[in-house]
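Below, each value reflects all heavy atoms present in this structure, side chains not excepted, and no hydrogens, waters or symmetry copies. The residues of the chain are indexed from 1 along the displayed sequence. Just so it is clear, the structure is predicted and the values come from calculations on it, not from any experiment.
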Amino acid sequence: MTLLGNIIWLIFGGFISGLGYILGGLTLCLTIVGIPFGIQTIKIGVATMTPFGKINVVSEDSSSLIVMIFNVIWVIFFGWEIALSHLFHGAILAITIIGLPFARQHFKLIPMALFPFGRELKDI
């Protein structure tokens with residue numbers, strides 16, 4: 001089911017969305033200041049490509065001061081827009097029964113979109 005879900009996800013927008021995140025992350029990596037944010041954007045892009053069969057995990061270093069500072073900067077400049085996008089698309093998909101598994105994947109990506117530093121999507 002995981003493989004089928006990821007294939008359908010990629011066909012109906014996951015590939016384009018993930019590619020957009022990755023290209024945006026590479027653009028952020030062009031500056032020295034943007035490198036940490038670009039890496040997180042690329043991480044979200046890879047997570048967006050294949051979200052089925054993965055779980056959102058908080059890493060051990062998520063409570064350090066630098067991670068908290070980067071998360072605050074991220075939320076102010078990038079995170080809230082990405083999280084609202086996943087919330088909107090998840091709400092639209094949740095209207096139909098067929099869209100519920102895909103809506104759940106969008107809702108799973110919201111915490112990672114808000115606070116990507118100190119979070120990862122790992123295989124179940």
Side-chain angles (χ1 to χ4, degrees):
M1 184 63 183
T2 300
L3 178 65
L4 182 62
N6 281 329
I7 290 171
I8 294 170
W9 178 272
L10 285 171
I11 291 171
F12 290 104
F15 180 74
I16 301 276
S17 184
L19 192 64
Y21 282 127
I22 291 170
L23 290 175
L26 290 173
T27 305
L28 279 170
C29 285
L30 292 176
T31 65
I32 292 175
V33 175
I35 288 174
F37 302 104
I39 291 171
Q40 297 307 314
T41 307
I42 292 170
K43 185 171 76 172
I44 293 172
V46 171
T48 302
M49 292 272 196
T50 56
F52 284 88
K54 298 191 179 185
I55 188 166
N56 198 344
V57 177
V58 178
S59 62
E60 298 115 20
D61 66 342
S62 64
S63 62
S64 70
L65 181 63
I66 192 74
V67 169
M68 294 170 104
I69 291 170
F70 278 159
N71 275 331
V72 168
I73 294 170
W74 176 271
V75 166
I76 291 171
F77 290 107
F78 312 110
W80 67 273
E81 297 100 340
I82 298 170
L84 278 178
S85 171
H86 284 297
L87 181 66
F88 175 75
H89 289 103
I92 295 294
L93 286 167
I95 292 173
T96 65
I97 293 174
I98 295 172
L100 281 174
F102 301 99
R104 191 168 52 164
Q105 302 311 310
H106 274 291
F107 296 145
K108 179 178 22 178
L109 290 170
I110 290 174
M112 191 166 192
L114 275 176
F115 305 110
F117 292 94
R119 289 187 183 268
E120 294 180 46
L121 277 185
K122 295 207 176 199
D123 294 330
I124 294 177

Do Phe107 and His86 have side chains that approach each other closer than 4.5 Å (heavy atoms only, starting at C-beta)? no

Flag the pair Trp74 / Ile82 as yes when at least one side-chain heavy-atom distance between them is below 4.5 Å, and no otherwise. yes

Ala83 versus Ala113, closest heavy-atom pair with distance: N-CB, 3.9 Å

Measure across Asn6 and Phe52 and return the closest heavy-atom pair with its distance rounded to 0.1 Å. OD1-N, 3.0 Å

Heavy-atom check, side chain of Leu109 versus side chain of Ile44, under 4.5 Å: no

Give, for atom CD1 of Ile92 and atom CG of Leu87, the distance between the pair rounded to the nearest 0.5 Å. 10.0 Å

Between CE of Met112 and NZ of Lys43, what distance do you get to the nearest 0.5 Å? 4.5 Å

Would you confirm whether Ser85, through its side chain, and Glu81, through its main-chain N or O, come within 3.5 Å as a donor-acceptor pair? no

Can you tell me how far the CG atom of Asn56 sits from the NZ atom of Lys122, to the nearest 0.5 Å? 11.5 Å

For His89 and His106, take the angle between the two ring planes, folded into 0 to 90°, and tell me which bin it lands in: parallel under 30, tilted 30 to 60, perpendicular over 60. parallel

State yes or no: do Ile124 and Val57 share one hydrophobic cluster built from I, L, V, M, F, W and Y residues joined by side-chain heavy-atom distances below 4.5 Å, directly or via other members? yes

Val58/Phe115 under side chain to side chain contact (heavy atoms under 4.5 Å, CB included): CA gap, chis, key distance, verdict: CA-CA 10 Å; Val58 178; Phe115 305 110; over 6 Å; no

Would Trp80 and Phe78 show up in the same hydrophobic cluster when neighbours are defined by side-chain heavy atoms closer than 4.5 Å? no

Same cluster or not: Val46 versus Phe37, using hydrophobic residues (I, L, V, M, F, W, Y) connected whenever any side-chain heavy atoms lie under 4.5 Å apart? no

How would you list, by chain and number, every residue that makes a side-chain hydrogen bond (donor to acceptor under 3.5 Å, both in side chains) with Ser59, sequence neighbours excluded? Asp61

Mind listing the closest non-hydrogen atom pair of Leu114 and Val75 along with its distance? O-CG2, 3.0 Å

Are Leu121 and Lys108 close enough that some pair of their side-chain heavy atoms sits under 4.5 Å apart? yes

I'd like to check Phe88 versus Leu84 (side-chain heavy atoms, cut-off strictly below 4.5 Å). Are they in contact? no

Among the clusters formed by ILVMFWY side chains lying less than 4.5 Å apart, do Met49 and Ile7 turn up in the same one? no

When the ring planes of Phe117 and Phe70 are compared, do they come out parallel, tilted or perpendicular, using 30° and 60° as the limits? tilted

Please determine whether the number of non-hydrogen atoms from other residues, nucleotides or ligands lying under 6.0 Å from atom CD1 of Ile32 exceeds 12. no

Would you say Leu30 has more than 12 foreign heavy atoms packed within less than 6.0 Å of its CG? yes

When rounded to the nearest 0.5 Å, the distance separating CG of Leu23 from CG of Leu28 is 11.5 Å

Looking only at heavy atoms, what is the nearest atom pair of Ser17 and Thr48, with distance? OG-CG2, 3.6 Å

Testing the basics here: between Ala94 and Ala103, what is the closest heavy-atom pair and its distance to 0.1 Å? N-CB, 3.7 Å

Do Leu4 and Leu93 share a hydrophobic cluster, counting only Ile, Leu, Val, Met, Phe, Trp and Tyr and linking them when any side-chain heavy atoms are less than 4.5 Å apart? yes

Between Ile22 and Gly45, which heavy-atom pair has the shortest distance, and what is it? CG1-CA, 4.2 Å

